[in-house]
Student: 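So that we are looking at the same thing, I have put the structure below in structure tokens.
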Number of protein chains: 2
Amino acid sequence: MPQAAARPTLEAVAARAGVSRATVSRVVNGEAGVREVLAVKVRRAVKELGYVPNRAARSLVTRRHDAVAVVIAEPETRVFADPFFGLQLRGISKELTARDVQLVLLLTEGRDDHERVGRYLAGGHVDGALVFSLHLDDPLPGIIHGAGVPTVFGGRPGWAGGVGSARYVDCDNRGGARQAVRHLVGLGRTRVAHITGPPDQTSAVDRHDGYRDVLPTADPDLTATGDFTPAGGERAMRLLLDRRPDVDAVFAANDLSASGALRVLRESGRRVPQDVAVVGFDDMLPVAEQADPPLTTVRQDIEEMGRLMAAMLLRGQGQAGGGGGAGTAEEGDAAYGEVDVEDDGACVVLPTELVRRESA
Amino acid sequence: MPQAAARPTLEAVAARAGVSRATVSRVVNGEAGVREVLAVKVRRAVKELGYVPNRAARSLVTRRHDAVAVVIAEPETRVFADPFFGLQLRGISKELTARDVQLVLLLTEGRDDHERVGRYLAGGHVDGALVFSLHLDDPLPGIIHGAGVPTVFGGRPGWAGGVGSARYVDCDNRGGARQAVRHLVGLGRTRVAHITGPPDQTSAVDRHDGYRDVLPTADPDLTATGDFTPAGGERAMRLLLDRRPDVDAVFAANDLSASGALRVLRESGRRVPQDVAVVGFDDMLPVAEQADPPLTTVRQDIEEMGRLMAAMLLRGQGQAGGGGGAGTAEEGDAAYGEVDVEDDGACVVLPTELVRRESA
DNA sequence: CTGAAAGCGCTAACAA
DNA sequence: TTGTTAGCGCTTTCAG
């Protein structure tokens, strides 16, 4: 199954066009300084022969691969349970495709896999890596950092090693959480609970911090630990109801847990939003819009985050198109949030937006 | 960002071990016929130098790439909304990883993308392709077939072109549907409705066929079209209730639509399973187990399907481990369903299993 | 059983 | 502006 059919080479194209290999190479790679007459001949020959450059040969001499690895490190099977990675992958894929860069997917589960990924990355088979590792104690970021491959993280890596030199793209989790809680407070709610995400993920921690920013003196009983799943949301909500039956608002760390909370509230006979107002996070459409009632939530542009990760990784080397400004600027129409530039590279933090629906 | 640091070459290892490049190559590639003394020296040198073969150089001469493309063609954004692809990707990834083959991910949306994918595949950058294209009218399978790349489809491709020569892995959708409906009938239900999936996907069509196999004379009003989403399930269920308020059982084409149906049934004041029994399909854990009540459903081993796809594509060339028998046999302990061997290649259809929970 | 040598298809100096 | 010439790092005959 391996062998591909014999493909035409540069040599063949050159012969057909009556020029040298070098000239063909120049045309194919869009270099300037080839007389248009020749260029036309070459392009015709390319088309007629159906010539496609051999990436391996090119890679051998350029020492580039035009490939980046996307590492998704998620021990739990829960990974694809929410559409998060899918959306992010989409964004990444779009950007890479536009630059003709291959996306090599690396899925890991378990520690031995980490080592394997480390070896792979250190092996120099790709030009860079986009890494999703959401757990605080994950050794992978460190390993990858050690591999010496240009890397951009998806989400702030919570990694003791040294965040200072890590580039990442994230949304403004803390600010978004503040928006959510302020909204609830603005509604006149005085007993605002928080269902957290897994305490070992930075996004969950940041959202919790946002909650505390607005309500620094809130009763600790108003905070219950969830895990970003509907089941976790249910458990947390039950606990909250048990501890504080008078709760009148809930900020859930993501839409999935919010949906679980909604279910428990309904079961308990409470009306949403009249009795208890609920706000989620993510604006995962299939979840938020289908929720009952539809969920007020904090939107983050996940696909755009993926796009930016890829753009950031490839920055500079791309024949990048439109965009005006320096650095990570893009041609899109979205307004970008703060762009924190740290020592080694930049970190982009995208803004969030409160989307009002019926739950709050 | 592109340039990887200078890596040790075969030459360097050879020098260090005091042998020729050829010998190092043999050892590295596990060929027999190298005296153990030398092999040991070589392995030591490899380790000391941290040598990793350069894939590009190897590829250039072997004309293999040790890479396969995974093509996910889904116009709608809904793709990753259910964990289906994620699980399948996991299975694929495991098998490829075990064989040291790269997974190149190709996401498409829209027709222009199809052409791009066709070009990519025809370009001979990968040794094969694993393709998910679930829509009957999708031109992609045809294009890919034309590209002359070894291909295995995920799910029976519904493609006019000529299924005869297409290899695929699927689960026994039709048989599974029969199990579900028979179960309902066995429960004494006499007005068994069916919520279909999108009529342009083979899996949905096959499941519908299974329903009809068992209930060939069922009232057409007992069948409503869904789209594999909870929202679609809700709509369909409402329609069914409207048309046949006396319905006493529902077979939903997947768990997601079943969850929507459950919600509507609950709203309508019906008890599940006492008044209406519900069976889903997929056994998507986060959905089926969390459903209220937990869903009786038809399980398919999605991850295993992915594994088999990869194994089938790479069959023969792999230094495959354990497994006894011929063809697609595997070392796993799962019992495989029918293995239809057609002209060109084999099609594997995995068995399904009814999982009883509380909804039926 | 081991080594020497010839490329795989391409790009990048360097000449012309 | 174009062509000539070396390799990139590896596998693979073919001798020894």
Side-chain angles (χ1 to χ4, degrees), chain A residues 2-43 45-46 49-67 100 123-125 127 317 319, chain B residues 2-43 45-46 49-67 100 123-125 127 317 319:
Chain A
Q3 243 85 318
R7 318 200 49 72
T9 70
L10 248 204
E11 183 92 48
V13 177
R16 175 141 197 147
V19 299
S20 72
R21 291 200 322 256
T23 299
V24 178
S25 175
R26 290 180 187 118
V27 173
V28 168
N29 292 296
E31 280 172 41
V34 177
R35 264 184 314 162
E36 192 53 23
V37 239
L38 286 194
V40 168
K41 278 190 195 172
V42 169
R43 279 191 283 264
V46 164
L49 264 31
Y51 169 76
V52 177
N54 179 321
R55 291 182 107 118
R58 176 181 285 171
S59 177
L60 193 52
V61 34
T62 62
R63 289 150 176 298
R64 278 182 303 112
H65 298 91
D66 295 316
D100 198 32
H125 304 300
D127 302 323
Q317 69 161 303
Q319 55 285 47
Chain B
Q3 242 85 315
R7 319 198 52 71
T9 70
L10 248 205
E11 183 92 48
V13 178
R16 176 144 197 143
V19 299
S20 72
R21 287 194 333 247
T23 299
V24 178
S25 177
R26 289 180 187 118
V27 173
V28 168
N29 292 295
E31 281 172 41
V34 176
R35 264 184 313 164
E36 192 52 23
V37 238
L38 288 195
V40 168
K41 278 191 195 170
V42 169
R43 279 192 282 265
V46 163
L49 263 32
Y51 169 75
V52 177
N54 179 322
R55 293 186 109 128
R58 175 181 285 171
S59 177
L60 194 53
V61 32
T62 61
R63 289 148 177 299
R64 277 182 304 111
H65 301 272
D66 295 318
D100 198 31
H125 304 299
D127 301 324
Q317 69 162 304
Q319 53 284 44

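Numbers restart at 1 for each chain; the letters A, B, ... are given by sequence-line order, proteins then strands.
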Student: Do B:Val28 and B:Arg58 make a side-chain contact, defined as non-hydrogen atoms from C-beta onward lying under 4.5 Å apart?
Tutor: yes

Student: Could you state the interatomic distance from CG (B:Leu10) to CG (B:Leu49), rounded to the nearest 0.5 Å?
Tutor: 11.0 Å

Student: Return the minimal non-hydrogen interatomic distance between B:Ala45 and B:Ala17, and the atom names on each side.
Tutor: CB-CB, 4.0 Å

Student: When you list every nucleotide of DNA chain C with an atom under 4.0 Å from a heavy atom of chain A, which one comes first 5' to 3', and which comes last?
Tutor: C:dG9 to C:dA13

Student: Any side-chain heavy-atom pair from B:Arg43 and B:Val27 closer than 4.5 angstrom?
Tutor: yes

Student: Would you name the heavy atoms of B:Ala14 and B:Arg21 that are closest together and state the gap between them?
Tutor: CB-N, 3.7 Å

Student: Measure across B:Val52 and A:Gly123 and return the closest heavy-atom pair with its distance rounded to 0.1 Å.
Tutor: CG1-CA, 4.0 Å

Student: Please check if the side chain of B:His65 supplies one atom and the backbone of B:Gly124 the other of a donor-acceptor pair under 3.5 Å.
Tutor: yes

Student: Is there a side-chain contact between B:Asp66 and B:Asp100 in this structure, where contact means two heavy atoms from C-beta onward sitting under 4.5 Å apart?
Tutor: no

Student: Quick check: on DNA chain D, is the nucleotide nearest B:Arg26 upstream (toward 5') of the one nearest B:Val52, or the reverse? Name the residue that is more 5'.
Tutor: B:Val52

Student: Between B:Arg21 and B:Gly18, which has a closest nucleotide on DNA chain C that is more 5'?
Tutor: B:Gly18

Student: Judged by each residue's nearest nucleotide on DNA chain C, which is more toward the 5′ side, B:Leu60 or A:Glu31?
Tutor: B:Leu60

Student: Which nucleotide of DNA chain D is the first, and which the last, in the 5' to 3' direction, to come under 4.0 Å of a heavy atom belonging to chain B?
Tutor: D:dG9 to D:dT13

